[in-house]
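Have a look at the structure below before the remarks.
In what follows, chains are A, B, ... by sequence order, proteins preceding strands, each numbered from 1. It should be emphasised that the depicted structure is a prediction, and the values quoted were computed from it without experimental measurement.
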Number of protein chains: 2
Amino acid sequence: MELAAAKLKFIEAWGKLGSEWGINRTMAQVHALLLISAEALTTEEIMENLSISRGNANMTLRDLIGWGLIEKQHKAGERKEYFFADKDVWNIARQVAKERKKRELEPVLKVLTELSTVEGDEKDPEFKTFKKSINDINKLANNVDKTLETMLKAEESWFWGSVLKVFK
Amino acid sequence: MELAAAKLKFIEAWGKLGSEWGINRTMAQVHALLLISAEALTTEEIMENLSISRGNANMTLRDLIGWGLIEKQHKAGERKEYFFADKDVWNIARQVAKERKKRELEPVLKVLTELSTVEGDEKDPEFKTFKKSINDINKLANNVDKTLETMLKAEESWFWGSVLKVFK
DNA sequence: ATAAACTTTCAATAATTATTGAAAGTTTAA
DNA sequence: TTAAACTTTCAATAATTATTGAAAGTTTAT
């Protein structure tokens, strides 16, 4: 396979993966493009490469900056903004984990905590089932939360070392 | 809060969480409803409870069965089908991990493996960047895959015991 | 102050995804 | 074999989400 074809294939695969996990496909594609580019790219180049409009490119780039996955670069004597992605895959994983934890896991934990205080008739099977499910989910969610917390603080080698020890 | 209100709140939160993670909102809501129901429910009851149509309820229930999250039950002397959810939260987590691994992670691993064989000019920065990114992502994806594999085989207590040991 | 170069916004539109509901299909009982 | 009870299908429609593109906004150089 040619490099050009391989790039297209990667962009497509990354875009698909993103959309399956609740991340806008275009955003994942722009991220993919920047990940495999040696040089920082302009909005213009990104638009052209992925055949997307200026407005879309602009909003997507803002979003990616908001996720901490890409940064702006300025070149001396030029007015254009250039964009490049952090290439450290471990940083990317942490950044995504951090944002999704904040945006999605934490709100759910809050609701679960609230729901686990609901009082009712201990004799009522409906109440007992509700309470048990909520408590069980709550425990699991807290374990996930703790694990992510550790991951956010960890060095890659240490984290995978610790986790993979489990497998021997 | 009343039990009824708490149920609604949980169904809403579970549905939102699902949709943020690429799972159809209605599917997550039906799952939530069955998770907190002491009794198995009929299609009719589910339709009514969530205000959804018969067709939607039917397809969603099939999907949930396909994900291994709910099962049918038959009651003696009745023709109706009843549905109930596995209440073991660890089983649910494993089942979801198993399906998503199969449906999404594995196809991506396949593409990455293919892309990591691309040959090119080692002097070309574009080629070098591409190759490095693909290799790095490949390694991370394989670590995730191994971790999920272990999770699928593990007992809950053993798994979290091992993982949480990391935190002390 | 003006204009060129560039970025941002957002209402309109397109594309995608989910839902409905009625007709067709199936199973069971008599 | 008929009909009632129940399930499935799927074309039409609705709801949601993403994208466009042109106008407005901003910055910089002269």
Rounded distance in Å - [atom1] ([X]) to [atom2] ([N]):
X: I23(A); N: dT17(D); atom1: CD1; atom2: C1'; result: 15 Å
X: E78(A); N: dC6(C); atom1: CD; atom2: C1'; result: 12 Å
X: D63(A); N: dT17(D); atom1: CG; atom2: C1'; result: 13 Å
X: K80(A); N: dA4(C); atom1: NZ; atom2: P; result: 17 Å
X: Y82(A); N: dT7(C); atom1: OH; atom2: C1'; result: 15 Å
X: E81(A); N: dA5(C); atom1: CD; atom2: C1'; result: 12 Å
X: K16(A); N: dT17(C); atom1: NZ; atom2: P; result: 12 Å
X: E45(A); N: dC6(C); atom1: CD; atom2: P; result: 12 Å

Does N58(B) have a side-chain nitrogen or oxygen under 4.0 Å from the phosphate oxygens OP1 or OP2 of dT8(D)? yes

Under 3.5 Å, N/O pairs linking protein and nucleotides 24-30 of chain C:
residue: dT27(C); atom: O2; partner: R79(B); partner atom: NH2; Å: 2.6

Quick one: sort the F159(B) and W90(B) rings into parallel, tilted or perpendicular, breaks at 30° and 60°. tilted

Give the residues of residues 28-44 of chain B touching DNA chain C, defined as any heavy atom closer than 4.0 Å, sorted by residue number. none

Verify, without hydrogens or angle tests, whether N56(A) (side chain) and I52(A) (backbone) share a donor-acceptor contact under 3.5 angstrom. no

Has T150(A) got a side-chain atom pairing as donor or acceptor with K146(A)'s backbone, closer than 3.5 angstrom? yes

Would you mind checking if [Y] and [X] are paired as a salt bridge, meaning a charged N to carboxylate O distance below 4.0 Å?
X: E149(B); Y: K101(B); answer: yes
X: D124(B); Y: K128(B); answer: no
X: R94(B); Y: E156(B); answer: no
X: K9(A); Y: E114(B); answer: yes
X: E99(B); Y: R103(B); answer: yes

Cation-pi geometry met for R62(B) and W67(B) (6.0 Å, 45°): no

Just checking, R100(B) and W21(B): is the charged tip under 6.0 Å from the six-membered ring centre and within 45° of the axis? no

For the hydrophobic clusters of this structure (ILVMFWY residues joined by side-chain heavy atoms under 4.5 Å, transitively), does one cluster hold both I137(A) and F84(B)?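 Looking at the clustering, F84(B) is in a separate group from I137(A).
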
Could you state whether I36(A) and L8(A) fall into the same hydrophobic cluster, counting links through intermediate Ile, Leu, Val, Met, Phe, Trp or Tyr residues with side-chain heavy atoms under 4.5 angstrom apart?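 Different clusters.
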
Now, which nucleotide makes the Watson-Crick or G-U wobble pair with [N], with each of the two distances under 3.5 Å?
N: dA29(D); value: dT2(C)
N: dT27(C); value: dA4(D)
N: dA15(D); value: dT16(C)

Report all interatomic pairs (protein N or O, nucleotide N or O of nucleotides 19-22 of chain C) with separations under 3.5 Å.
residue: dT19(C); atom: OP1; partner: T26(B); partner atom: OG1; Å: 2.4
residue: dT19(C); atom: OP2; partner: T26(B); partner atom: OG1; Å: 3.0
residue: dT19(C); atom: O5'; partner: N56(B); partner atom: ND2; Å: 3.4
residue: dT20(C); atom: OP2; partner: S53(B); partner atom: N; Å: 2.6
residue: dT20(C); atom: OP2; partner: S53(B); partner atom: OG; Å: 3.0
residue: dT20(C); atom: OP2; partner: N56(B); partner atom: ND2; Å: 3.3

